[in-house]
Amino acid sequence: MSKSYELYQYKGCNFISNIHVIEYLEKMDHFEIRDSDVTAVTYPKSGTVWMQQILSLIYSDGDPAAVQSKPAIERVPWMELPFSNFESRPSPRLSVSHLPYQLIPKDFKKAKGKVIYVARNPKDIFVSLYHFQNYVVVLEAPLSFEDFLEKFMDGRVIYGSWFDHIHDWYIHRDEFNILFVTYEEMKKDLRASIQKMCDFLGKELDDEKLDSVVEQCTFKTMKMNPMANYEKVDNKNPKGAFLRKGIVGDWKNHFTVAQSEMFDRVFQERMKDVPFKFIWDNE
Ligand code: A3P
């Protein structure tokens, strides 16, 4: 496989050549979705690998062995990647997806299956993505923080605009069997967030099992778990990490006042219809 990864557009979203396949994306629209299907939808860098871990553990009653022998990408694959073999997986099919509203299989829009949408404050997403693109081989390293910020605001990045992603998912929420959670609430109270997901998924876990899920899903435990930490990803910088900092408010260490004010202006304009209350820092 050639190592030239480039972004290309398909139905208003940006994908990576050599990884995303148009024929597969087209086919996905007609996937038959089962009521037992569960997918965690995220814009990149919002907590996707965290959800892979959480879903694996909820569906194995908190058994640590479930996340110790198989890599996360095999346990809970990205639905839109052809090698996920989504259609032929046994039920319950657990998956993650970065797809925007317009590209998710249309059966989900008839309230089949369950969707957990994880939102994260976009300044932290941007910082995480900036570091990620400097880290992984499959994405181009940003020219500079400023240049990359412009691209992010315009949606000229992988999976397109964050603003469109959250806006469209939120506006169309009534079509889905969907739960919205935020990265920041998961950071604040992981146990309560997982309990909320269990309630939504109809999974009853006693206190001991719930404790075990929480323990296996902390940043510290995941970072040490080779089946969860994506350490083997092709990288340009061995000092970087997929599980980088895992905190709320790191944007404050990166943004200038002017950049932050510009971001706030665009945010207020673009998020008029989306009454999400984001937590922007750790205080
Ligand atoms: P940072 O780069 O800010 O550290 P995704 O999985 O969607 O690509 O998101 C990656 C981000 O989620 C990274 O953010 C990563 O550290 C963070 N993350 C992953 N697992 C986490 C956990 N258990 N607790 C907190 N943050 C986590």
Side-chain angles (χ1 to χ4, degrees), residues 5-29 31 39-52 72-73 76-84 86 95-106 108-109 115-142 147-173 176 178 180-183 230 233 242 244 251 263 266-267 270-271 274 276 278:
Y5 302 97
E6 279 164 18
L7 291 190
Y8 68 88
Q9 261 218 347
Y10 173 69
K11 294 197 175 171
C13 184
N14 300 329
F15 293 98
I16 315 177
S17 63
N18 281 338
I19 293 187
H20 298 108
V21 177
I22 289 191
E23 291 73 19
Y24 190 77
L25 293 169
E26 278 168 352
K27 189 175 141 188
M28 286 187 67
D29 202 29
F31 276 179
T39 190
V41 174
T42 57
Y43 185 84
K45 315 322 289 174
S46 304
T48 324
V49 307
W50 204 358
M51 285 306 298
Q52 288 178 320
I73 195 167
V76 185
W78 273 264
M79 195 198 301
E80 62 266 31
L81 298 184
F83 59 76
S84 70
F86 179 80
S95 63
V96 290
S97 175
H98 295 314
L99 287 177
Y101 163 79
Q102 73 270 21
L103 292 177
I104 204 76
K106 63 175 181 301
F108 276 112
K109 300 175 184 170
V115 176
I116 299 181
Y117 187 100
V118 184
R120 184 180 189 188
N121 93 55
K123 289 182 182 171
D124 279 338
I125 287 182
F126 172 72
V127 168
S128 183
L129 188 61
Y130 171 77
H131 286 288
F132 190 62
Q133 298 222 174
N134 274 307
Y135 172 57
V136 289
V137 168
V138 294
L139 291 167
E140 200 182 349
D147 180 72
F148 193 54
L149 184 56
E150 262 177 46
K151 289 199 163 95
F152 183 83
M153 301 313 279
D154 294 347
R156 285 180 287 132
V157 289
I158 180 168
Y159 284 97
S161 160
W162 175 84
F163 296 98
D164 289 345
H165 198 278
I166 189 159
H167 176 272
D168 294 350
W169 271 100
Y170 184 77
I171 292 300
H172 292 281
R173 65 194 179 284
F176 298 91
I178 194 166
F180 285 87
V181 294
T182 66
Y183 177 97
Y230 284 85
V233 79
F242 205 117
R244 192 183 58 93
W251 64 271
F263 202 112
V266 176
F267 182 90
R270 300 287 307 270
M271 297 290 281
V274 186
F276 255 98
F278 283 101

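Count residues from 1 along the sequence. Source: prediction; values computed, not measured.
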*Asks:* For F163, is there any backbone N or O sitting under 3.5 Å from a side-chain donor or acceptor partner on S161?
*Replies:*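 Indeed, once roles are kept as given, a pair shorter than 3.5 Å links the two residues.
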*Asks:* In terms of side-chain geometry, is the basic nitrogen of K45 or D124 positioned less than 4.0 Å from the acidic oxygen of its partner?
*Replies:*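 Salt bridge between K45 and D124, a charged N being under 4.0 Å from a carboxylate O: no.
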*Asks:* Between the main-chain N or O of V157 and the side-chain N or O of N14, is there a donor-acceptor pair closer than 3.5 Å?
*Replies:*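 Answer holds: yes.
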*Asks:* Regarding K151 and the six-membered ring of F126, is the cationic atom NZ or CZ under 6.0 Å from the ring centre and inside 45° of its axis?
*Replies:*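 No, K151 and F126 do not form such a contact.
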*Asks:* Is the NZ or CZ atom of K11 positioned over Y159's six-membered ring, under 6.0 angstrom from the centre and within 45° of the axis?
*Replies:*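 Judged by the rule, K11 and Y159 form no cation-pi pair.
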*Asks:* May I ask you to decide if S17's main-chain N or O and E6's side chain share a donor-acceptor pair within less than 3.5 Å?
*Replies:*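 Not a single qualifying donor-acceptor pair exists.
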*Asks:* When the ring planes of F278 and F276 are compared, do they come out parallel, tilted or perpendicular, using 30° and 60° as the limits?
*Replies:*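 Correct class here is parallel.
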*Asks:* Do Y130 and F152 make the cut of ring centroids closer than 6.0 angstrom?
*Replies:*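 Y130 vs F152: aromatic centres not under 6.0 Å.
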*Asks:* Donor-acceptor check, side chain of H98 to backbone of W78, threshold 3.5 angstrom: yes or no?
*Replies:*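 Pair absent, no side-chain N/O of H98 close to backbone of W78.
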*Asks:* So, do Y117 and F176 have ring centers that fall under 6.0 Å from each other?
*Replies:*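 Distance test on ring centres: not under 6.0 Å, no.
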*Asks:* Just checking Q133: does its CD atom have more than 12 heavy atoms from other residues, nucleotides or ligands closer to it than 6.0 angstrom?
*Replies:*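 Yes, the 6.0 Å shell around CD holds more than 12 heavy atoms from other groups.
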*Asks:* Is there a ring-ring contact (aromatic ring centres under 6.0 Å, His included) between Y101 and Y170 once you walk through the steps?
*Replies:* CA-CA 9 Å; Y101 163 79; Y170 184 77; over 10 Å; no
*Asks:* Within the side chain of Y43, is there an N or O that forms a donor-acceptor pair under 3.5 Å with the backbone of P100?
*Replies:*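 No, because the side chain of Y43 does not come within donor-acceptor range (under 3.5 Å) of the backbone of P100.
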